[in-house]
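Please read the structure below before turning to the comments.
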Amino acid sequence: MNSVRVRFAPSPTGYLHVGGLRTALYNFLLAKHHGGSFIVRIEDTDQSRKVEGAIENLIESLRWAGVEFDEGPGKEGKYGPYIQSQRLKIYHDHVQRLLEKGEAYYCFCTSERLDQLRKKQAEAKEATIYDRHCRTIPFDEATKRAASGEQHTVRMKIPLDGELTFNDLIRGKVTIAYKILDDQVILKSDGFPTYHLAVVVDDHLMEISHVIRGEEWLPSTPKHVLLYKAFGWELPQFAHLPLLLNPDKSKLSKRQGDVAVEDYRTKGYLKEALINFVAFLGWNPGDEREIFPLADLIKEFSIEHINKSGSVFNIEKLNWLNQQHMKLKNENDLLALVKPLLDERGWTSFSDEYRKQVIALMKERVVVLSDFVTECAYFYEDPATYDEKAKAKNWTADSLNYLQKLKEKFEALNVFDAASIEAALRSAAEEFHVGAGKLIHPLRLAISGVGHGPSLFHMMEVLGKETSARRIRLALERLH
RNA sequence: GCUCCCAUCGUCUAGGGGUUAGGACACGAGCUUUUCAAGCUUGUAACACGGGUUCGAUUCCCGUUGGGAGUACCA
């Protein structure tokens with residue numbers, strides 16, 4: 001395969017959807033696998049849906065995920081501009097060519113007439129399709145009317161009968177009869193092209209080799225093929241990706257959970273995990289490996305291993321993958337990611353060394369980055385409350401005695417590390433003739449305020465002698 | 001309604017004319033352990049249905065059912 005050029009072509013309606021991320025990723029992976037180019041093109045031909053800042057947002061989400069493009073907005077190559085609203089003249093010229101070739105025609109129908117037509121067809125249980133009312137207007141007459149300023153659109157001429165077959169890299173041959181195809185509007189009355197025209201013109205001009213996009217485009221691909229033919233252009237390869245689904249199997253949507261890439265970012269998911277997860281929704285390497293950093297995805301990716309059916313976006317698996325990728329990171333990497341979160345929380349007065357010790361203790365038991373804040377509060381401030389359940393379970397009448405004794409033992413310690421803390425505690429347990437658990441659980445509650453967490457002795461070592469002593473004293477005053 | 005696409009454990013999937021239908025997540029049990037995780041061992045769980053083709057079909061073909069998408073001067 002020489003010169004792979006692929007593109008991700010989102011419309012700027014707000015944020016990057018995780019489904020969009022997967023589409024972008026597959027395009028990116030194919031390009032990088034073959035040493036080709038990945039292009040981002042903004043499809044903003046619908047003026048009414050424009051959202052301020054959406055382009056920047058999209059690009060930032062891609063950048064965060066590590067899906068870097070070779071050409072696109074802000075990174076102009078020789079095929080730009082990469083924003084469709086800046087390419088209007090190009091579309092107009094191409095529409096003109098179609099008009100002159102007799103492959104398209106002016107349409108003067110009002111949207112009221114169109115609405116009525118559709119309504120009637122629906123009532124008669126017929127396919128709702130344009131009745132080609134304007135297709136027979138002589139070209140000269142239509143040109144004159146359009147030139148005189150009469151409101152109009154331009155539609156493509158679909159052959160009246162016959163059928164069209166095209167090849168899809170994922171689905172094989174797909175055939176559709178012309179008679180169910182609409183004479184699609186390609187130029188709107190506001191002068192903007194519709195998606196169908198713009199996508200074909202741009203993909204050709206930008207020398208796109210593979211059109212990889214969501215399955216929702218499959219039914220309109222014949223129109224695009226027809227347009228390529230009308231222009232006399234060579235077809236790209238098509239690959240229509242299976243959809244990402246809600247748990248109820250409908251197309252993944254906002255109301256059933258988070259769909260924006262930035263949501264997962266702020267929740268504390270690692271980009272490596274999100275990428276890995278989303279890559280495996282519809283693709284797999286063909287063996288049983290599951291943990292794939294981006295570099296490995298690039299190495300192994302192939303269109304042949306993409307499957308046909310939609311996949312449910314299952315957050316449980318994402319959580320697991322996030323843990324796995326978390327473990328792959330060392331304390332320095334994690335510190336860089338967690339530090340801003342700690343600072344934001346106001347825990348600014350701690351050394352990097354200290355924070356790294358906390359991370360080391362906790363990394364095996366957190367799921368997302370934000371857990372380094374929410375699950376680690378007691379490393380940064382004294383507990384204000386004590387978990388009721390843990391207290392009910394492990395705090396007994398004797399606990400105060402035990403803690404008092406432990407306090408004295410710890411004070412006598414010259415070296416306050418996990419081993420000496422443990423030794424001190426075990427000797428105390430012996431003196432009381434009870435199991436170590438009788439001391440450990442209340443002590444954990446006193447130190448951390450909760451009933452679970454990392455090794456108590458290591459936790460106290462990290463906290464230090466002074467803090468540990470203070471917390472025992474505090475607990476002695478507050479627990480009874 | 002019409003058109004197109006799809007169909008293996010609850011979920012993500014491997015496989016493919018002859019397999020004890022494999023793995024992962026989740027769930028259950030056990031081990032380990034000061035707790036919680038992690039880890040290890042282990043268990044439950046699937047070829048939608050009906051016809052063909054074939055010595056043999058989960059796999060190939062047709063149909064049914066189910067699901068999804070499209071059906072805009074939205075993308």
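Lettering of chains follows the sequences in order, A, B, ..., and the numbering in each one begins at 1.
Of the residues in residues 356-380 of chain A, those with a non-hydrogen atom less than 4.0 angstrom from any atom of RNA chain B are Glu364(A), Arg365(A). Sorted by residue number, the members of residues 146-165 of chain A with any non-hydrogen atom under 4.0 Å from RNA chain B read Thr153(A), Arg155(A). Within residues 218-228 of chain A, the residues that place at least one heavy atom under 4.0 Å from RNA chain B are, in residue-number order, Leu218(A), Pro219(A).
Contacts of Asp44(A) classified as side chain to side chain contact (heavy atoms under 4.5 Å, CB included), with partners at least two apart in sequence or in another chain: Pro12(A), Ile42(A), Lys50(A), Ile83(A), Gln84(A), Ser85(A).
Ionic pairing of Arg49(A) and Glu43(A) is not present here: no N-O contact between side-chain nitrogen and carboxylate oxygen is shorter than 4.0 angstrom. Salt bridge status for Arg289(A) with Asp287(A): present, with a side-chain N to carboxylate O gap under 4.0 Å.
When the P atom of rC27(B) is taken as reference, atom CH2 of Trp320(A) falls 14 Å away, rounded to whole Å. Rounding to whole angstrom units, NZ of residue Lys50(A) and C1' of rC74(B) are separated by 15 Å. Computed from coordinates, the Ile440(A) CD1 to rC36(B) C1' distance equals 14 Å when rounded to whole Å. Phe457(A) has its CZ atom 14 Å from the P atom of rU33(B), to the nearest Å. With rounding to whole Å, His458(A) atom NE2 is found 18 Å from rC36(B) atom P. rA72(B) atom C1' lies 9 Å from atom CG of Asp115(A), rounded to whole Å. Remark: P of rG68(B) and CG of Leu252(A) are 14 Å apart, rounded to the nearest angstrom. When rounded to the nearest whole Å, the span between OH of Tyr195(A) and C1' of rA72(B) equals 15 Å.
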* When you check every protein heavy atom under 4.0 Å of nucleotides 58-63 of chain B, what one-letter string (B, S, -) results, 5' to 3'? -> ------

* Per-nucleotide protein contact string for nucleotides 7-15 of chain B, where B marks a base within reach and S marks sugar-phosphate only (heavy atoms under 4.0 Å, - for neither) -> S---SBSS-

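In a base pair of the Watson-Crick type (N1 to N3 plus N6-O4 or O6-N4) or a G-U wobble (N1-O2 and O6-N3), with each distance short of 3.5 Å, rC60(B) is matched with rG52(B). Base-pair partner of rA29(B): rU41(B) (Watson-Crick or G-U wobble, both distances under 3.5 Å). With a 3.5 Å ceiling on both atom-pair distances, rU35(B) lacks any Watson-Crick or G-U wobble partner. Across all strands shown, rU65(B) is found opposite rA7(B) as a Watson-Crick or G-U wobble partner, with both distances under 3.5 Å.
Between Phe238(A) and Tyr228(A), the angle of the ring planes goes over 60°, which puts this pair in the perpendicular group of the 30/60° scheme. Ring planes of His224(A) and Trp217(A): tilted class, angle from 30 to 60°. Taking the six-membered ring for Trp and thresholds of 30 and 60 degrees, Phe301(A) and Tyr26(A) have ring planes inclined between 30 and 60 degrees apart.
Note on Ser250(A): every side-chain N or O is 4.0 Å or more away from OP1 and OP2 of rG67(B). Applying the 4.0 Å criterion to OP1 and OP2 of rC2(B), one finds that Lys179(A) has every side-chain N and O outside that range. Between Arg118(A) and rG1(B) there is no side-chain N or O to OP1 or OP2 distance below 4.0 Å. Using a 4.0 Å cut-off, some side-chain N or O of Gln324(A) falls inside it from OP1 or OP2 of rG39(B). Taking 4.0 angstrom as the limit, Thr128(A) places a side-chain polar atom (N or O) nearer than this to OP1 or OP2 of rA72(B).
With rA75(B), rU34(B), rU3(B) as the choices, the nucleotide that has an atom nearest any side-chain atom of Ile180(A) turns out to be rU3(B).
Because its NZ or CZ atom is both nearer than 6.0 Å to the ring centre of Tyr130(A) and within 45° of the ring axis, Arg155(A) counts as a cation-pi partner of that residue. Taking the centre and axis of the six-membered ring of Tyr106(A), the NZ or CZ atom of Arg145(A) falls outside the cone set by 45° and 6.0 Å.
Contacts of Pro454(A) with the nucleic acid, taken as non-hydrogen atoms under 4.0 Å apart, include base atoms.
A donor-acceptor contact under 3.5 Å is formed by the side chain of Ser455(A) with the base of rU34(B).
Residue whose closest nucleotide on RNA chain B sits further toward the 5' end, between Ser189(A) and Ala127(A): Ala127(A). Between Lys125(A) and Glu216(A), the residue whose closest nucleotide on RNA chain B is further toward the 5' end is Lys125(A).
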